[in-house]
Amino acid sequence: MKRSTVKELFTAPEINSKVLLKGWVRTRRGNNQVAFIAVNDGTIIHSIQVVADLQSFPEELMKRVTTGSSISVIGKLVESMGKGQSVEIQASEIEILGDSDPEVYPLQKKGHSFEFLRDIAHLRFRTNTFGAVFRIRHALAFAVHQYYNDKGFFYLHTPIITASDAEGAGAMFRVTTLEPDGAPKNEDGEVDYTQDFFGRPTNLTVSGQLEGELGALALSSIYTFGPTFRAENSNTPRHVAEFWMIEPEMAFYDINDNMDLAEDFLKYLIRYTLEHCQDDLEFLNKMVDKGLLERLRFVLKHPFERKSYSEAIEILIKADKKFEFPVEWGLDLQSEHERYLVEEHFKRPVILTDYPSIIKSFYMKQNDDGKTVRAMDVLFPQIGEIIGGSQREENLDKLQNRMRKMNIPEDELWWYLETRKFGTVEHSGFGLGFDRLIMFITGMSNIRDVIPFPRTPKSADF
RNA sequence: UCCUCAGUAGCUCAGUUGGUUAGAGCGGCGGACUGUUAAUCCGUAGGUCGUAGGUUCAAGUCCUACCUGAGGAGCCA
């Protein structure tokens, strides 16, 4: 007999049919006559109610139907006699697949704190909230590929192990096969990396952008979607050491095309979730963040506000608000400034462009004013910077000049520079923090709760 | 990395100006109950008070260091 998932039973119920159900027991209620067993198999947020007439089942068997146990049920799918669910299963056979000792099973019917659930990340998938979050995470990963595939972008796998230390996006994790205490030394007493696996120092990537540009400058439009690593000792609800990033890179795009793509992309992902994950979003809206659905719909409805860094500085100077940090042209915007612009002034997502070159990366296209670069940051309410991108500098001389000023080693990036030597073209791209996007779309306020097994300082369990 | 707060039962927390045997709710277990919805009612077990020092006649409570977690800041995605 073919197993029916809970999702199938709810979305296309065949009343009075005989069904086979397998899943994990969430709760069990009842009296001395009848037991009500809520069974969940993770295919959908809802659990289905299994009704067992206690006279029909041995007491020893029913005792083993405990919270957390896995069971197999054969029964008749019927319209529910009770309130709270449309259909239920009138059980005729129950088999225990796996016992779960209720004395030690850590999940209970009542809600748990997210902090506690992080300690039992191996079991938190079995809660409604994390089931919803990770189903949505899947849906969004799928939607990312759908979006770019439909637009003719190619999914490019950029390396996870990299020898380039040049981008300066943050501290890196070293990758080596040398033993920490027995590493071979050279004549100067330094570690001799020529004896390491790759014959040189290597790290985990902090970004696939530079390699992505190489692909775009041949394939026209590419995107990367993979893990990235930062060894920063960051302890905030928005940072992790291992996270996933989506980095589209497009030839023949200027910064305006880039902004159009970023806005369209984000709205597509939000719309996709609203259309495909209704039940999960409604649950999160009810239990986690009451303003969630309204906020998502609001973002869809309104164009993102596009302003230059200089205009933003003017707004902040005129603002009737005292900031902890100074507002002055040339200084980077602080969290409080970004939040003011997004949450109080414009009250919608904001794209800021044309930042002072001194606070931005070497590869960004230099404007004619000699002071600013064609950077763009997309700022979202609550989570801040969700996208950072730019039009890239395609002029070899200008790029090299800037690299020298910023002490970026040209010899290490010879391959990057060659794209500017041979048929260079205008191009642009950006990076979207996938996990931060999940935070925004699920209403979860800590990035550790949208990643199955998050990696943070002093924490690499599971 | 810096600042602030927290760590007491499986979970969420209370615990007075330091004072006898450390409390509750939930969860677990036992029982009652003819359809329950985080069921209800009765009963019951369960604690090296984060770790290590120190002050004191006496420390869950005060002091110091460390560990872990959370929030804010920086770095950024």
Side-chain angles (χ1 to χ4, degrees), chain A residues 26-38 46-55 63 66-68 78 80-85 88 90 100-120 123 127-128 167-171 205-209 226-247 287 323-325 332-336 338-339 359-361 377-380 383-389 430-440 445-451 456-459 461:
Chain A
R26 280 290 177 82
T27 65
R28 176 170 166 197
R29 298 176 291 272
N31 50 43
N32 57 353
Q33 302 282 316
V34 61
F36 303 98
I37 308 159
H46 307 294
S47 298
I48 194 162
Q49 175 160 286
V50 171
V51 185
D53 188 346
L54 292 184
Q55 284 176 327
K63 264 190 152 173
T66 57
T67 305
V78 296
S80 180
M81 290 164 62
K83 289 173 183 169
Q85 59 277 320
E88 64 188 19
Q90 202 75 45
S100 173
D101 183 351
E103 298 261 14
V104 289
Y105 185 65
L107 291 170
Q108 54 187 55
K109 300 174 197 179
K110 276 213 161 189
H112 292 287
S113 68
F114 290 146
E115 288 86 352
F116 170 68
L117 291 171
R118 265 170 234 154
D119 291 338
I120 52 164
L123 294 173
T127 65
N128 285 331
E167 213 207 327
T205 183
V206 294
S207 163
Q209 179 200 315
T228 47
F229 307 86
R230 306 273 166 94
E232 300 287 352
N233 190 8
S234 297
N235 292 284
T236 84
R238 299 178 305 282
H239 291 83
V240 275
E242 177 182 319
F243 62 99
W244 283 60
M245 206 159 43
I246 299 148
E247 296 179 291
M287 303 301 284
F323 295 111
E324 193 188 335
F325 291 91
D332 207 354
L333 298 178
Q334 304 292 316
S335 293
E336 56 171 349
E338 296 180 348
R339 292 193 71 143
I359 57 173
K360 288 292 182 183
S361 303
D377 284 2
V378 180
L379 309 178
F380 260 36
I383 52 174
E385 186 181 336
I386 194 169
I387 279 180
F430 60 81
L432 168 68
F434 184 60
D435 314 277
R436 286 190 183 171
L437 174 79
I438 311 286
M439 288 174 73
F440 181 77
S445 52
N446 193 311
I447 198 167
R448 298 170 180 96
D449 296 327
V450 301
I451 299 174
T456 52
K458 300 286 190 298
S459 172
D461 292 331

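First the proteins, then the strands, lettered A, B, ... as listed; each starts at 1. No hydrogens, no waters, no symmetry mates; every other heavy atom, side chains included, goes into these values.
- Nearest heavy-atom pair, A:Glu247 versus A:Gln209, reported as atom, atom and distance to 0.1 Å: OE1-N, 3.5 Å.
- Put simply, CD on A:Glu232 is 10 Å from C1' on B:G74, counting in whole angstrom units.
- Annotation: the span from A:Thr127 atom OG1 to A:Met287 atom CE amounts to 10.5 Å, rounded to 0.5 Å.
- Following rounding to the nearest Å, A:Phe430 (CZ) and B:C76 (P) show an atom-to-atom distance of 20 Å.
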With 3.5 Å as the limit, what N/O pairs link the protein to nucleotides 5-7 of chain B?
none

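- Of the C1' atoms belonging to B:U44 and B:U20, the separation is 26 Å, rounded to the nearest Å.
- When the ring pair (Phe, Tyr, Trp, His ring centres under 6.0 Å) test is applied to A:Phe243, no partner is found at least two apart in sequence or on another chain.
- The base of B:G10 sits within donor-acceptor range of the side chain of A:Gln108, with an N or O pair under 3.5 Å.
- One can place CG of A:Asp435 at 18 Å from P of B:C76, the figure rounded to the nearest angstrom.
- In this structure, A:Phe430 has no ring pair (Phe, Tyr, Trp, His ring centres under 6.0 Å) partners at least two apart in sequence or on a different chain.
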Taking N or O atoms only and anything under 3.5 Å, show me the protein contacts with nucleotides 42-50 of chain B, one pair per line.
none

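- Looking at heavy-atom distances under 4.0 Å, A:Ile387 makes contact with sugar-phosphate atoms alone, never a base.
- Taking atom C1' on both nucleotides, B:G54 is separated from B:A59 by 11 Å, rounded to a whole Å.
- The side chain of A:Phe116 has B:U12 as its nearest neighbour among B:G35, B:U12, B:U1.
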Between the protein and nucleotides 68-70 of chain B, which nitrogen or oxygen pairs come in under 3.5 angstrom?
residue: B:A70; atom: OP1; partner: A:Arg118; partner atom: NH1; Å: 2.6

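- Comparing B:C76, B:G35, B:A73 by their nearest atom to the side chain of A:Arg436 picks out B:C76.
- Protein atom CD of A:Glu336 is 10 Å distant from nucleotide atom C1' of B:A73, rounded to whole Å.
- Both distances falling under 3.5 Å, in either a Watson-Crick or a G-U wobble arrangement, place B:A73 opposite B:U1.
- For B:U1 and B:A39, the P atoms lie 44 Å apart once the distance is rounded to whole Å.
- Not a single donor-acceptor contact under 3.5 angstrom links the side-chain atoms of A:His112 to the base of B:C11.
- Comparing the same atom, P, in B:G18 and in B:U56 gives a spacing of 16 Å after rounding to whole Å.
- Under 4.0 angstrom from either OP1 or OP2 of B:G74 there lies at least one side-chain N or O belonging to A:Ser335.
- For A:Gln85 against B:U36, a side-chain-to-base donor-acceptor contact under 3.5 Å is present.
- B:U8 sits 12 Å from B:U48 when the C1' atoms are compared, rounded to a whole Å.
- In this structure a side-chain-to-backbone donor-acceptor pair under 3.5 Å is present from A:Glu336 to A:Glu324.
- Note that CZ of A:Phe434 and CD1 of A:Ile386 are 11.0 Å apart. Values are rounded to the nearest 0.5 Å.
- Taking the nucleotide of RNA chain B with the nearest heavy atom to each of A:Ile447 and A:Gln90, the more 5' of the two is matched to A:Gln90.
- For A:Glu88 and B:G35, a side-chain-to-base donor-acceptor distance below 3.5 Å is present, hydrogens and geometry of angles not being considered.
- Distance from the side chain of A:Gln33 is smallest to B:U34 among B:U1, B:C29, B:U34.
- Within 4.0 Å (heavy atoms only), A:Ser113 reaches sugar-phosphate atoms of the nucleic acid but no base atom.
- Looking at heavy-atom distances under 4.0 Å, A:Val240 makes contact with a base.
- Among B:G28, B:A73, B:G35, the nucleotide with an atom closest to any side-chain atom of A:Val51 is B:G35.
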Please write out each protein N/O paired with an N/O of nucleotides 38-40 of chain B under 3.5 Å, distance rounded to 0.1 Å.
residue: B:A39; atom: OP1; partner: A:Lys109; partner atom: NZ; Å: 3.0
residue: B:A39; atom: OP2; partner: A:Arg29; partner atom: NH1; Å: 3.0
residue: B:A39; atom: N6; partner: A:Gly30; partner atom: O; Å: 3.0

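- B:G30 sits 44 Å from B:C67 when the P atoms are compared, rounded to a whole Å.
- Comparing A:Gln334 and A:Glu103 by the nucleotide of RNA chain B that holds the closest heavy atom to each, the one mapping nearer the 5' end is A:Glu103.
- At a threshold of 4.0 angstrom between heavy atoms, the contacts of A:Met245 are confined to the sugar-phosphate backbone, with no base atom among them.
- Residues forming a side chain to side chain donor-acceptor pair (under 3.5 Å) with A:Asp119 (at least two apart in sequence, or on another chain): none.
- You won't find any donor-acceptor pair under 3.5 Å spanning the side chain of A:Asn32 and the base of B:U34, going by distance alone.
- Stacking between A:Phe243 and B:A77 is present: the aromatic ring centre lies within less than 5.5 angstrom of the base six-membered ring centre, and the two planes differ by under 30 degrees.
- Side-chain atoms of A:Thr67 and A:Arg28, non-hydrogen and from C-beta on, never get closer than 4.5 Å to each other.
- Only the C1' atoms considered, B:C11 is 27 Å distant from B:G72, to the nearest whole Å.
- With distances taken from any side-chain atom of A:Gln49 to the nucleotides B:U1, B:U37, B:G74, the minimum falls on B:U37.
- Taken to the nearest 0.5 Å, the NZ atom of A:Lys360 stands 3.5 Å off from the CG atom of A:Asp377.
- Judged by distance alone, the side chain of A:Thr228 and the main-chain N or O of A:Ser207 form no donor-acceptor pair under 3.5 Å.
- In terms of the side chain to side chain donor-acceptor pair (under 3.5 Å) criterion, A:Asp332 has no residue partners (sequence neighbours excluded).
- Rounded to a whole Å, the NE2 atom of A:His239 is 6 Å from the C1' atom of B:C75.
- Backbone-only contact: A:Ile386 has heavy atoms under 4.0 Å from sugar-phosphate atoms and none from a base.
- Across the protein-nucleic acid pair, A:Tyr105 atom OH and B:C29 atom P stand 14 Å apart, rounded to whole Å.
- As rounded to the nearest Å, B:U55 and B:A65 have C1' atoms that lie 15 Å from one another.
- The shortest side-chain heavy-atom distance between A:Arg436 and A:Met245 does not fall under the 4.5 Å cut-off.
- Residues satisfying the salt bridge (charged side-chain N to carboxylate O under 4.0 Å, His left out) test with A:Arg29, not counting sequence neighbours, are none.
- For the pair A:Asn235 and A:Pro457, the tightest heavy-atom approach, listed with the atom from each and the gap, is OD1-CG, 3.8 Å.
- Under the side chain to side chain donor-acceptor pair (under 3.5 Å) criterion, A:His46 pairs with A:Asp279, not counting sequence neighbours.
- By the side chain to side chain donor-acceptor pair (under 3.5 Å) test, A:Arg118 is found to be paired with A:Asp449, residues two or more places apart in sequence or in another chain being considered.
- Here A:Pro106 pairs with A:Phe116, A:Ile120, A:Leu123 under the side-chain contact (heavy atoms from CB on, under 4.5 Å) rule; sequence neighbours left out.
- Side-chain atoms of A:Ser234 and base atoms of B:C75 include a donor and an acceptor less than 3.5 Å apart.
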